[in-house]
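Order of the sequence lines fixes the chain letters, A, B, ..., with proteins taken first and strands second; residue numbering starts at 1 for each chain. Remember, it's a predicted structure, so these values are computed and weren't measured experimentally.
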Amino acid sequence: MGKTIAEKILSNHSGRDAKAGDIVIADLDFMIGQDGTSGVAIDSFRKMGAKKVADPSKIAIIIDHSSPSPNEGVSAIHKKIREFASEQGLTLYDIGCGVCHQLTPEQGHVVPGDLVIGADSHTCTYGALNVFSTGIGSTDLAAGMISGKLWFKVPETMKVVYKGKLPKGTSSKDLILALIGKIGADGATYLALELYGAAIDELSVDARFTLSNMAIECGAKAGLMAADDKVMAWVKQHSQKKPDPQAADKDAVYKQTIELDAAKLEPQIAKPHTVDNVCPISKVLGTPIQQGYIGTCTNGRLEDFQIAAKILKRKKVKDGTRLIIAPASKDILMAMIADGTYESLLESGAVAVTPGCGPCVGTHNGVPSDGENVISTANRNFKGRMGNPNAFIYLASPATVAASMIEGKIADPRNYL
Amino acid sequence: MRGHAWKFGNNIDTDLIIPARYLNTSDPAELAQYAMMDADSEWVDKMSKGDFIVAGDNFGCGSSREHAPIALKAAGVSAIIAKSFARIFYRNSINIGLPILEAPQAAEEIKEGDEVEVDLAAGEIKDLTTGKAYRAQPFPAFMQKIIDAGGLINYLKRNN
């Protein structure tokens, strides 16, 4: 009987012939924490009586969620993280470096075939590089740092095939929102996803990260893709590590297979307050918007800002509204400066904040007011997510956010391309 | 354990359980003050120590923040009974020793305010108000060992 990508990677890292349903103890290739979760992980590390991490070269902590610190409580957590990183000799990405899920692949820490954990639910992002990466909590991160290993239940896999080519004005964000709308917020709970199809093959690696990033929004443990030529070229450019790509066997057993037709896709919107509350843009055109946000581990990459700049070129963010942008890393910020994207967006009225999570998680950088509507390229629109339970968050692609900011209401990007 | 039931719906996410704006501490007692804040801002004052949360599908979806089960445990929740749990919340709860019970029928039928009794070792849930008894899904043996130890920290200490 053949194996899925998840079964292969977990077999390779546990030294046994692992099948879905098995519980294995597996060797970790890399692990990350961020400033929201690492404080508790350090507490757990101490409570477990540990003195040293197993291998500091396999750990990075990223200060991205509230960065720079907005208050003294967070400052104390940042200080604790900096001291721990220094004491243990592990990699620290301090304020302004960027979002953990951009930095981890961009700085070459993960390559195809790796097994990775992160104390952040969007750790599934690296599935686009054929990495089995999954979000865990702080105590699991502490156990991983101490032992270099963690226990996993080998998941069953749901295969998703996107047929056809994406129409003009749509992007990988629309592909993943359509899937989540179809299967629901718990449609893939405890499962790994394998994502395939002509629409995926056409995407850049940066665009693929958007899809894998949101696998957790339908409950999935991982959002895996094949390591094709584009992935191998991208990895070669970013990492010195040796990849060990894993393809699913032809006779691999899937719990379920789902097909979606990309060619028929309209831009998609997730309405408040759940990510699976998805509709085609035509259903919500004209909804007034007070704030836009382009950034995050979902859509804060160079091509996301390039398409936004293209739509906003020689136009302005509508009077009475504001557009906040946060590049997902300093490297992306530098690239935006180099190619004129940054200047162009600022000229159109965008307000730039530090590379990092920006206002996504509601700790700083643009908390909306009561009753306000926000259109955002982030991955979550939960009630209170951006810091105010009385605001409303609509999720969309960078192109849709840019078009909407010109009109001050939800607008179709296809009219601007 | 015995207490009253507080009902919540489907997809109760971690931002509702403990919003990120309160994550400027890892002190359980402080986090407990904000438990379920954005779902029901008065809930912490209304509930009593030992009470149960009874919820629908996908409880704890969203962020990996361990502060979510920590806040509920510190608020005095004795166990969560739900139709299903999101994966990371499930794992975090086991790791920190917050009892969780997957019991769809119990989660459906128990009403807000009902008096509930739970026997964790037997996986048995009793609605004392209606007299009905339910069984929770058993945990895999490996997870049961972590639960029996009171969480991952104690489990690792005992086994090292």
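Here the straight-line distance linking atom CG of B:Asn24 with atom OG of A:Ser66 works out to 8.5 Å at 0.5 Å rounding. Note that CD1 of B:Ile153 and CZ of A:Arg46 are 13.0 Å apart. Values are rounded to the nearest 0.5 Å. A:Lys383 NZ to B:Ile12 CD1: the interatomic distance, rounded to the nearest 0.5 Å, is 9.5 Å. Note that the SG atom of B:Cys61 and the CZ atom of A:Phe382 stand 4.5 Å from one another [nearest 0.5 Å]. One distance of note links OG of A:Ser138 with CD1 of B:Ile70; it measures 7.0 Å at 0.5 Å rounding.
B:Arg87 and A:Thr134 share a donor-acceptor pair across their side chains, judged by distance under 3.5 Å alone. Looking only at atom types and distance, the side chain of A:Thr37 has no donor-acceptor partner in the side chain of B:Glu66 under 3.5 Å away. Side chains of B:Asn11 and A:Asp186: a donor-acceptor N/O pair is absent below 3.5 angstrom, by distance only. Judged by distance alone, the side chains of A:Asp120 and B:Ser64 never bring a donor and an acceptor atom under 3.5 Å apart.
For a residue to count as touching a neighbouring chain, one of its non-hydrogen atoms must lie under 4.5 Å from one of that chain's; by this rule A:Asn71 touches chain B with the side chain only. Both the backbone and the side chain of A:Ser44 come within less than 4.5 Å of a heavy atom of chain B. Of the two parts of A:Arg385, the backbone and the side chain both hold a non-hydrogen atom closer than 4.5 Å to a non-hydrogen atom of chain B. Only the side chain of B:Pro140 comes within contact range of chain A, judged by heavy atoms closer than 4.5 Å. For B:Tyr22, no part lies near chain A; criterion is any non-hydrogen pair under 4.5 Å. For B:Ile88, the part lying near chain A is the side chain, with the backbone staying farther off; criterion is any non-hydrogen pair under 4.5 Å. In this structure, chain A has heavy atoms under 4.5 Å from both the backbone and the side chain of B:Ser63.
The 12-atom threshold is exceeded at NZ of B:Lys7, counting heavy atoms of other residues, nucleotides or ligands nearer than 6.0 Å. The environment of A:Lys19 atom NZ is dense: over 12 non-hydrogen atoms of other residues, nucleotides or ligands sit within 6.0 angstrom.
Minimum interatomic distance between B:Arg21 and A:Pro389 (heavy atoms only, all atoms of both residues): NH2-CD, 3.7 Å.
Between chain B and the residues A:Lys221, A:Glu217, A:Lys153, A:Lys47, the most heavy-atom pairs under 4.5 angstrom are made by A:Lys221. When B:Gly62, B:Gly151, B:Ala20 are compared by the number of non-hydrogen pairs under 4.5 Å with chain A, B:Gly62 comes out ahead. Among B:Leu152, B:Asp13, B:Asn154, the residue with the largest count of heavy-atom pairs under 4.5 Å with chain A is B:Asp13. Chain B forms more heavy-atom pairs under 4.5 Å with one residue of A:Gly135, A:Gly184, A:Gly384 than with any other, namely A:Gly135. Most heavy-atom pairs under 4.5 Å with chain B: of the set A:Thr139, A:Val74, A:Ile23, A:Thr363, this distinction falls to A:Thr139. Between chain B and the residues A:Thr123, A:Asp140, A:Val361, the most heavy-atom pairs under 4.5 angstrom are made by A:Asp140.
A distance-only check finds no donor-acceptor pair linking the side chain of B:Arg65 to the backbone of A:Gly36 [under 3.5 Å].
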Run the side-chain contact (heavy atoms from CB on, under 4.5 Å) check on A:Ile136 and B:Arg91 step by step: do they pass?
CA-CA 8 Å; A:Ile136 43 82; B:Arg91 206 173 156 119; 4.3 Å; yes
Stepwise, does the side-chain contact (heavy atoms from CB on, under 4.5 Å) test hold for B:Met143 with A:Trp151?
CA-CA 10 Å; B:Met143 286 182 219; A:Trp151 69 271; 3.7 Å; yes
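Every pair tested for salt bridge (Lys or Arg N to Asp or Glu O under 4.0 Å) that includes a residue from residues 59-77 of chain A fails, sequence neighbours excluded, so the list is empty.
Test A:Ile42, A:Val40, A:Ile77 against B:Ser26 for side chain to side chain contact (heavy atoms under 4.5 Å, CB included) and you get one pass: A:Val40.
Near-neighbour residues of residues 31-51 of chain B relative to chain A, defined by a heavy atom under 4.5 Å from a heavy atom of that chain, comprise B:Asp38.
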